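Have a look at the structure below, then the notes.
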Amino acid sequence: MKIQSISMQIICSDLKIPFQTHLETVKKREAIVIKVTDTDGLIGYGEAVPFSSPWYTEETIKSCYHILKDFIIPKILQNRLQHPKDLAEIWKGIRRNAMAKSGMEQAVWDLYAKQQGIYIGKLFGGERSKVAAGVVIATPVISDAIRQIEEYKKDGYKRFKIKISPRHDLEMLDEIRKAHPDIALLADANSAYSLHDADHIKRLDQYGLAMIEQPLGHDDIVEHSFLQKQIKTPICLDESISSFHDAKSALLIGSCQIINIKMARVGGWKEAVEIHDLCLENGVPVWVGGMIEFGISRAHNIALASLAGFTIPGDLSSSSKYWEQDIIEPEVIVSDGLVDVPERSGIGFSVHEKNLDKLTIYSEIFTL
Ligand code: OSB
Ligand code: MG
């Protein structure tokens, strides 16, 4: 692939609105932008999206940077990649650290797609020209949630996701259903419940939720299969699915009826597409999960969502939901609840280098 250099930029920006779950309130977002440049000057872009603290997965911006700088980047430069698929060989000697791998896979696949002159989604069989967008409302304040849903309805978002926990669920859902009886609604618990709460969780069945996302342990597969047998609402797994193997296990024992696929959580394009293919074969619908990300990661997610199995609207909000200024051009725009899938080569968006530099707080460049 004639890779000449690899650079990393840590970027940081305030969120327009704080993102609140029972685990953490995110007000500032950091990410690592990875650029892989070939000898012709073509650049592939990836975005590694761990948080600054390990509340969602065990990775952090610092741990991710360390794994990329000290292990992944040297191996890639020394091994002279022929094809993005060769990354599988490099991953063999690096356990977990999915977000570091995902950021690098994104950059290498984007470069490869640009070298081939093809849109990245097409490399994986993507076929949609528009993808459906859902939005996340992350506040425990009921009146704020209702007002935000009101606003987002105007943009035509096709699905609304709220964050719940045992202290903020029944009343919140009651009020939302009173104000918005017909919206496609789902509730994400980020592991706030345990199997002992099964009777309480059963009471959520009355709200006609499209699904409940990750009610139990962040690394659990088995207990979710017990819970699913006791409730009508379909379970969707998020945190528990960190690999193809996890997805296979979950389907095997009926732990969920839907999977939220996040490239970042499963280690990149290859694993994400394999999980998608498995679910498609088994008739299990999937959707693209979000990470409160900047435009590069969002662009990869839009490409992923163009694959046939993504039949449920993903966490694909407009750039302007979180950012004053995004790092891609054009920005992501949701209109009538849809996002256009680009056609240009690579990720199909240009990177706004000026905005990117404005947000950069640390950077390094690596060559052989
Ligand atoms: O649990 O799905 C989640 C964002 C960061 C970390 C975890 C989650 C989320 C979201 C997606 O809910 C929000 C978005 O990107 O719009
Ligand atoms: Mg989730």
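Note that ligands are numbered from 1 as they come in the structure, with each ligand's atoms numbered from 1 the same way. Because the structure is predicted, anything quoted here is derived from the model rather than measured. What you see below is based on every heavy atom in this structure, not just the backbone, and it leaves out hydrogens, waters and symmetry mates.
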From the list Ile347, Val341, Ile120, side chain to side chain contact (heavy atoms under 4.5 Å, CB included) with Ile302 holds only for Val341
| For Lys161, is at least one N or O under 3.5 Å away from an N or O on ligand 1? | yes
Pair His83 + Trp109: ring centers closer than 6.0 Å: yes
Polar contact flag for Ser317 and ligand 1 (N/O pairs, less than 3.5 Å) = no
So for Lys163, does at least one of its heavy atoms come nearer than 4.0 angstrom to any atom of ligand 1? yes
Only residue of Arg159, Lys161, Lys262 satisfying salt bridge (charged side-chain N to carboxylate O under 4.0 Å, His left out) with Glu213 is Lys161
Within 4.0 Å of some non-hydrogen atom of Arg298, the atoms of ligand 1 are 15 (O)
* Asked: What about the rings of His66 and Phe71, do their centers lie closer together than 6.0 Å?
  -> yes
For Leu280 and Gly309 the tightest heavy-atom approach is CD1-CA, 3.7 Å
With heavy atoms and a 4.0 Å threshold, my read on which part of Val26 contacts ligand 1 is neither
Honestly, for Asp238 the part within reach of ligand 1 (heavy atoms, under 4.0 Å) is side chain
Closest to atom 8 (C) of ligand 1 (heavy atoms only, candidates Lys262, Arg265, Glu293, Glu239) is Lys262
Q. Is there any N or O on Asp188 that sits under 3.5 Å from an N or O of ligand 1?
A. yes
For Asn190, the atoms of ligand 1 under 4.0 Å from one of its heavy atoms are 1 (O), 3 (C)
For the Mg ion (ligand 2), protein N, O or S atoms at a distance below 2.8 Å amount to 3
Report task. Looking only at distances, please establish whether an N/O atom of ligand 1 is found under 3.5 Å from an N/O atom of Phe51. Result -> no
Would you say that Ile34 contacts Tyr45 through its side chain, given a criterion of any heavy-atom pair below 4.5 Å between the two side chains? no
Assess whether atom CZ of Phe226 is packed by more than 12 heavy atoms of other residues, nucleotides or ligands within 6.0 Å.
-> no
message: Can you see whether Tyr322 has Arg29 sitting over its ring - NZ or CZ less than 6.0 Å from the centre and within 45° of the normal?
response: no
Contact region, Arg29 to ligand 1, non-hydrogen atoms below 4.0 Å, reads neither
Query - Asn260 N/O under 3.5 Å from ligand 1 N/O - result: no
| Should Ile292 be counted as touching ligand 1, given the test is an N or O pair under 3.5 Å? | yes
Do the side-chain N and O atoms of Tyr157 and Asp336 include a donor-acceptor pair separated by under 3.5 angstrom? no
If we number the atoms of ligand 1 from 1 as shown, the ones under 4.0 Å from a heavy atom of Trp55 are 6 (C)
A student checking ligand 1 against Glu213 at a 4.0 Å heavy-atom cut-off should list atoms 2 (O)
One should read off an interatomic distance between Ile43 CD1 and Ser7 OG, to the nearest 0.5 angstrom, of 8.0 Å
